[in-house]
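Shown next, in structure tokens, is the structure this report addresses.
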Amino acid sequence: MKQDETTRAEKFVVRFPPGMRDRIAQAATHSHRSMNAEIVARLQRSMVEWPGDLPRTEGCVPQGLEEGLLLDCFRRLPAEKRQALLALLV
């Protein structure tokens, strides 16, 4: 994340029930993300399903759960593999 994005990020303290922190850590490791990125990705996916009109985050396109999972996997691929996959799809 760029420095200017970091300084604009909002901070929020969350209290987890017992055991949840460990589960998030495991999920983050499995997804090759930080715990913060794992939590944010899961919140973003859950907001897609949320009823009502929510303001869109700049650069964030609402999508279904399957699309979100595919996009997350795609973004974790090394650049050369992303390019190869895109070449196959075009």
Side-chain angles (χ1 to χ4, degrees):
M1 189 177 285
K2 296 177 186 173
Q3 181 62 28
D4 59 334
E5 292 175 8
T6 304
T7 57
R8 290 185 291 154
E10 295 183 39
K11 295 181 181 181
F12 186 79
V13 177
V14 177
R15 291 181 184 89
F16 297 123
M20 183 174 278
R21 187 183 191 288
D22 291 337
R23 291 183 65 200
I24 293 169
Q26 289 172 351
T29 299
H30 179 71
S31 300
H32 306 287
R33 295 191 265 226
S34 68
M35 286 179 62
N36 186 76
E38 183 70 24
I39 292 165
V40 170
R42 287 171 178 254
L43 284 172
Q44 285 177 330
R45 276 197 308 255
S46 72
M47 298 306 281
V48 170
E49 306 286 327
W50 191 263
D53 293 329
L54 293 173
R56 291 184 180 188
T57 304
E58 186 177 326
C60 182
V61 178
Q63 59 210 10
L65 180 58
E66 294 84 8
E67 289 174 290
L69 292 172
L70 285 171
L71 187 55
D72 285 344
C73 290
F74 179 78
R75 286 179 175 159
R76 286 194 308 271
L77 289 172
E80 63 275 1
K81 289 188 177 184
R82 284 195 309 261
Q83 291 301 320
L85 182 57
L86 288 172
L88 287 171
L89 294 173
V90 182

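Only a predicted model underlies this, so the values are computations on that prediction, with no experimental measurement involved. Just so you know, these numbers use all the heavy atoms, side chains as well, and skip hydrogens, waters and symmetry mates.
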Atom CD in Glu38, atom CG in Leu43: separation rounded to 0.5 Å? 10.5 Å
Working to the nearest 0.5 Å, report the span between CD1 of Ile24 and CE of Met35. 5.5 Å
Around atom CZ of Arg82, are there more than 12 heavy atoms of other residues, nucleotides or ligands at under 6.0 Å? yes
With Val14 via side-chain contact (heavy atoms from CB on, under 4.5 Å) - residues at least two apart: Phe12, Phe16
Heavy atoms of Ala28 and Ser34 approach each other most closely as CB-O, 3.7 Å
More than 12 foreign heavy atoms under 6.0 Å from CZ of Arg23: is that the case here? no
Closest heavy-atom pair, Ala27 versus Arg42, reported as atoms and distance to 0.1 Å, is CB-NH2, 3.5 Å
